[in-house]
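Working notes for the structure below.
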Amino acid sequence: MGKRKEESFSEPGLHKRPRQEYTDESNDELDEEERSQLQSDSNSSSQSTSGEVGIIESIQLKNFMCHSMLGPFQFGSNVNFVVGNNGSGKSAVLTALIVGLGGKATTTNRGSSLKVFVKDGETSADVSITLRNRGKDAFKPEVYGSSIIVTQHISMDGSRSYKLKSKTGTLISSKKEELTAILDHFNIQVDNPVSVLTQEMSKHFLQSKNEGDKYKFFMKATQLEQMKADYSYIMETKSRTHKQIEQGVELLQDLKQHYVEKEERYKSIAFVSEMQTNLEALKHQMAWAVVNETEKEMKPIKDSIDIEEGRTEKYDQKLKEWQVKVNEAEEKYKAIQHKLEKISEEAQALQPQCVCLKADVQAKRKAYNEAEAHYNRSRTELKRLEKDDEQLRKRIEELKNSADQVSESEKLERQKKIAHLKDQLKTVHDQEVMMGQEMDRFQQAVYKSKEEHARLKREELDVKQALDSKQRQLKELTDSKTNRLKRFGQHVPVLLEEIEDAYRKGHFKHKPIGPLGAFISLKDAELTLAVETCLKALLQAFCCDNHHDERTLQTLMSKFYTSGYRPQIIVSRFRNEVYDVRPRAVHHPEFPSVLTALEIDNAVVANCLIDMRNIETILLIKSNPKAREVMQRNRPPKNCREAFTAEGDQVFERRYYSSDNTRPKFLSKDVEAEISHLQKEVENKMAQLSTSQHCLRSNENETRQNEDYLNRYRRQQKELQMKIRRINIEIADLENVEEHQSVDISTLEDEAQENKHKMVSVKRDMEQQRGKMEELKNILRMAEHKLEEIKEKLHQVEEIASPVKDELNQADLELEKSKHHWQHYEEKQKEHLASIKKIKGELAAKEKELKEKIAQATQICPQRIEVNRTVKSLDTEMNRLRDKINSKRDHHGNREEIIKQLIEAKDKYQDAEGKVKNLKKFIKLLDQIMTQRYKMYQQFRRCLTLRCKFYFNFLLCQRSYSGKMSFDHKNETLSITMHQAPLLGPLGLIPVLLTYCGE
């Protein structure tokens with residue numbers, strides 16, 4: 001296995017000595033010189049220094065064979081004996097040494113695969129061996145240190161892996177090649193029976209009587225068998241090479257004949273060379289002529305680039321000018337908006353005062369009107385009393401004058417009748433007053449009923465219109481289940497068919513696109529109402545490429561839509577690419593813009609919405625408070641002018657508008673849910689309409705009843721008025737009787753006195769009412785004056801706000817105009833830069849093409865040639881020359897092909913000739929080397945044979961035996977004979993060596 005330190009025992013033959021050359025290969029007998037040399041080697045070996053490398057220091061087994069854990073065993077530096085009972089692990093240790101150091105499973109004679117060494121019931125086995133690595137012969141001592149630990153892991157499937165560690169346990173390598181290098185360095189041969197002699201091998205050697213087996217054992221132990229196998233392989237390879245050389249020589253003759261034939265054929269077409277030379281010269285000129293033409297083509301491109309780059313400054317200047325104007329317009333707009341907000345705040349502050357003052361004026365006017373009415377009633381009463389007083393005075397005077405002519409009884413009768421008529425007149429008059437009050441009450445009730453009726457009529461009309469709209473939407477939604485386009489109008493599918501038919505007939509230059517809503521869909525369904533509120537009528541709009549197509553489309557629409565109700569038509573040049581709006585678009589990390597929230601199938605539709613609505617600048621924010629926070633509490637995001645919430649509310653920086661719509665109409669994906677919702681709304685509207693109609697009927701009945709009462713009271717009032725007139729006539733007739741009547745003047749005087757008292761009372765009441773009325777009038781005037789002042793202030797604020805609003809609208813228009821111009825010049829600049837980039841691309845392509853053509857021309861003709869001829873003329877002459885050459889080739893064959901075949905034949909011949917020469921040299925050198933090596937092999941075998949004989953005789957002599965060992969290398973046999981008689985060798989008494997030939 002390796003070198004061990006020896007104290008009392010000396011083992012001959014384990015130390016190297018210089019190889020000796022033998023001239024006599026057949027003589028295997030010992031001569032005196034060899035005996036003395038061997039003896040000196042034997043004597044000197046006992047005094048040699050102890051080996052420091054390759055010694056096995058320890059071994060440890062885990063789950064190996066039938067042992068769960070065995071070791072670690074620490075070995076000494078000298079001879080070690082492993083003893084124990086059967087099954088204790090002696091054979092396992094030796095087998096583990098063979099396997100652990102890379103030996104095959106068959107070498108151990110314990111099995112054909114490594115998996116047999118894994119203990120039953122376990123999945124793997126491990127073997128760890130520690131080798132000494134000291135002294136000057138150590139293997140990589142700077143890496144491994146003074147010891148090398150070889151660990152081998154054997155899996156259940158028979159595979160194994162290595163780990164080579166240093167003394168400290170650091171993993172150095174896991175490759176088999178490293179282990180092989182270590183074993184070669186230490187000269188450890190696990191498959192050599194001299195190094196490791198297993199029990200089976202020793203039994204086979206001792207029990208075998210076949211001389212051939214003994215010879216094979218000798219050859220294997222000395223590794224002569226491997227050397228012999230290597231020599232045999234080399235000789236077989238040499239024999240195969242000899243055959244290849246013979247075949248190559250035959251092939252070489254054929255190649256030479258083929259080469260000679262091609263050479264003779266080449267010589268027969270030598271007269272074409274001149275024309276070929278001329279053609280080559282023309283090719284050179286042609287190559288550089290192409291370069292010249294390419295350079296000429298590049299010149300106008302370069303000039304165009306210079307011109308366009310000169311115009312770039314103009315676009316930059318225009319863009320800067322309009323950017324300044326945009327900034328100025330924005331500042332102006334913001335200043336006016338700020339001014340208008342202040343004015344609006346003032347108006348809002350005055351509004352509550354105005355409302356309060358209006359209510360106060362109305363209350364005071366009502367009080368004044370009541371006082372005035374009371375005063376008027378008193379004045380009317382006073383006039384009546386004055387009239388009565390005048391009549392009484394006249395009557396008294398008449399009675400006094402005619403008192404003597406009329407009998408007393410007639411006077412009394414007439415006075416009684418007049419008094420009775422007056423009482424009757426007063427009663428009727430009171431009834432008329434009550435009747436007037438009742439008529440006023442019923443007239444007021446009729447007015448209220450009519451107002452209520454008008455209100456209910458309006459409500460009914462609104463509900464009917466809403467119901468019709470909902471039913472129409474429901475029908476459109478129901479129809480859209482089979483045709484989505486009906487959402488945008490009942491006539492849209494038919495209109496689209498008409499457009500398609502007109503386009504096929506050539507009436508349109510470009511087919512109109514619409515409705516625009518049919519080409520868009522939302523990524524987030526919760527934003528549907530917001531997008532519909534934002535785009536509004538644009539969802540039903542159509543887009544045309546030119547005004548001719550617009551007029552044609554208007555004619556088609558007139559068949560289906562009345563004037564003023566047709567969808568909007570937008571005229572915009574069709575483009576196949578969506579505008580690049582990244583510089584002016586709003587970018588928010590949390591909320592999308594309308595453009596990014598939509599999936600638009602058509603670039604024209606996207607561009608149209610960008611042009612008409614600036615959808616790239618509008619944010620969509622689901623939450624109303626969040627929208628206010630983003631747009632109003634903080635500065636709005638860059639490029640953002642407005643935002644829409646999920647409920648459809650529109651949010652500006654300073655304004656907020658609520659949406660009238662509660663449900664989406666065109667873009668909703670869940671049609672069934674919308675249909676269900678609309679059905680509920682239709683039911684609610686129908687119930688609302690039914691309630692409204694019931695209230696309307698009740699109101700009409702009540703109005704009719706009040707009008708009947710009013711008409712009846714009017715008839716009664718007329719009857720009373722007629723009765724009053726009749727009574728007044730009777731009284732006048734009685735009072736105007738010319739007969740002298742006896743009237744009780746005192747009664748009339750009393751009545752006149754009472755009338756005067758009433759007049760005084762009424763006058764006093766009138767004076768009070770006049771004072772009160774004047775007071776209320778002053779109060780009313782003051783309230784009206786205050787109200788007028790507030791109204792005047794509001795009017796002034798409105799007058800101030802009106803021009804400010806106009807100014808704001810004008811500023812907005814100017815801002816939009818400036819932005820439009822800025823965007824126009826930005827687009828122009830982009831187009832201009834794109835044009836320059838395109839031209840530069842063309843120039844780069846031309847330059848690349850020029851480089852390629854120069855490279856091609858350089859390959860054809862390395863030196864540039866000044867060529868005055870055109871490519872076309874050169875091409876014409878080359879074609880003429882080619883025709884001549886081809887005609888000659890048709891007669892003699894293709895010159896290039898002949899030259900190519902000649903070169904190929906020559907190359908093949910020279911290559912084959914060189915290979916044959918090299919193989920012959922190699923065989924010659926191999927013969928010399930193999931002859932020398934075989935002699936050395938025979939010398940080495942003879943040396944090993946002599947040493948084996950010597951050691952055999954030496955050992956027998958030590959044990960008082962004699963014998964002979966005979967080698968027959970020719971027949972590959974080894975015969976051994978021994979005798980029990982003592983034998984004294986020529987060396988005299990030799991110290992006895994104690995050995996054990998077990999494992």
Side-chain angles (χ1 to χ4, degrees), residues 286-326 509-511 513 519 543-549 570-587 593 595-596 598-612 614-617 639 817-858 864 870-872:
M286 183 70 169
W288 289 108
V290 171
V291 172
N292 289 341
E293 287 198 356
T294 307
E295 288 175 345
K296 288 178 182 178
E297 290 174 359
M298 286 172 60
K299 190 174 183 309
I301 298 176
K302 289 181 179 178
D303 295 340
S304 178
I305 290 174
D306 293 337
I307 293 169
E308 292 296 327
E309 285 181 345
R311 294 172 61 192
T312 303
E313 185 177 353
K314 173 188 169 185
Y315 283 111
D316 291 340
Q317 185 178 359
K318 282 287 184 183
L319 201 60
K320 287 178 182 177
E321 288 176 3
W322 283 108
Q323 182 63 52
V324 170
K325 289 182 180 179
V326 167
K509 295 179 181 178
H510 295 276
K511 181 182 175 182
I513 295 174
F519 294 88
C543 187
C544 291
D545 178 74
N546 52 77
H547 291 287
H548 173 268
D549 291 348
I570 302 162
V571 181
S572 177
R573 185 69 62 188
F574 287 1
R575 291 181 55 174
N576 295 327
E577 296 179 355
V578 180
Y579 297 147
D580 183 9
V581 295
R582 286 174 293 182
R584 63 174 186 267
V586 60
H587 300 283
S593 66
L595 180 60
T596 56
L598 295 178
E599 292 180 353
I600 305 176
D601 301 333
N602 192 300
V604 175
V605 175
N607 293 336
C608 185
L609 294 178
I610 291 170
D611 289 335
M612 298 299 295
N614 294 327
I615 59 174
E616 76 280 7
T617 64
N639 298 330
K817 184 179 177 181
S818 300
K819 284 187 176 180
H820 177 73
H821 282 289
W822 181 81
Q823 290 172 359
H824 170 73
Y825 281 107
E826 186 185 29
E827 291 293 333
K828 286 288 185 183
Q829 186 191 41
K830 286 180 181 177
E831 292 175 2
H832 175 68
L833 294 176
S835 174
I836 293 175
K837 186 177 179 182
K838 184 179 178 181
I839 298 172
K840 285 185 177 179
E842 292 176 0
L843 180 61
K846 282 290 182 184
E847 288 177 347
K848 185 178 179 183
E849 182 183 353
L850 178 62
K851 287 181 181 179
E852 292 175 355
K853 291 190 183 301
I854 290 174
Q856 292 172 0
T858 306
R864 181 157 186 168
T870 62
V871 174
K872 187 175 181 181

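Nearest heavy-atom pair, Glu826 versus Leu319, reported as atom, atom and distance to 0.1 Å: N-CD1, 3.5 Å. Of all the heavy atoms in Ala603 and Arg575, the pair that sits closest is CB-O, 3.8 Å. Considering all non-hydrogen atoms of both residues, Ser304 and Ile839 come closest at OG-CD1, 3.5 Å.
Within a 6.0 Å radius of CG in Asn576, other residues, nucleotides and ligands contribute 12 heavy atoms or fewer. Other residues, nucleotides and ligands contribute only 12 or fewer heavy atoms inside 6.0 Å of the NZ atom of Lys851.
Atom CG of Leu598 sits about 7.5 Å away from atom CG of Leu609, to the nearest 0.5 Å. Atom OH in Tyr579 sits 4.5 Å away from atom CG in Asn607 (nearest 0.5 Å). Atom CD1 of residue Ile301 and atom NZ of residue Lys840 lie 13.5 Å apart, to the nearest 0.5 angstrom. Here the CG atom belonging to Leu833 is positioned 10.0 Å from the CD atom belonging to Glu309, to the nearest 0.5 angstrom. Considering NZ of Lys509 and CZ of Phe574, their distance stands at 12.5 Å, rounded to 0.5 Å. Interatomic distance, CD of Glu293 versus CE of Met298, reported as 14.0 Å (0.5 Å rounding).
Between Asp545 and Val604 there is no side-chain heavy-atom pair separated by less than 4.5 Å. In this structure, the side chains of Met612 and Cys543 stay at 4.5 Å or more apart for every pair of heavy atoms. Counting only heavy atoms from C-beta outward, the side chains of Asp549 and Asn546 approach each other to under 4.5 Å.
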Carefully, step by step, assess Asp316 and Lys320 under the rule salt bridge (charged side-chain N to carboxylate O under 4.0 Å, His left out).
CA-CA 6 Å; Asp316 291 340; Lys320 287 178 182 177; over 6 Å; no
Is there a side-chain contact (heavy atoms from CB on, under 4.5 Å) between Asn614 and Glu616? Walk through the geometry before answering.
CA-CA 5 Å; Asn614 294 327; Glu616 76 280 7; 4.1 Å; yes
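Between Asp306 and Lys302, no side-chain nitrogen of the basic residue sits less than 4.0 Å from a carboxylate oxygen of the acidic one, so the salt-bridge criterion is not met.
Thr294 places a side-chain N or O within donor-acceptor distance of the main-chain N or O of Val290, the cut-off being under 3.5 Å. In this structure, the side chain of Thr858 engages the main chain of Ile854 through a donor-acceptor pair within 3.5 Å. Asn639 contributes no side-chain N or O that, together with a main-chain N or O of Thr617, makes up a donor-acceptor pair within less than 3.5 Å.
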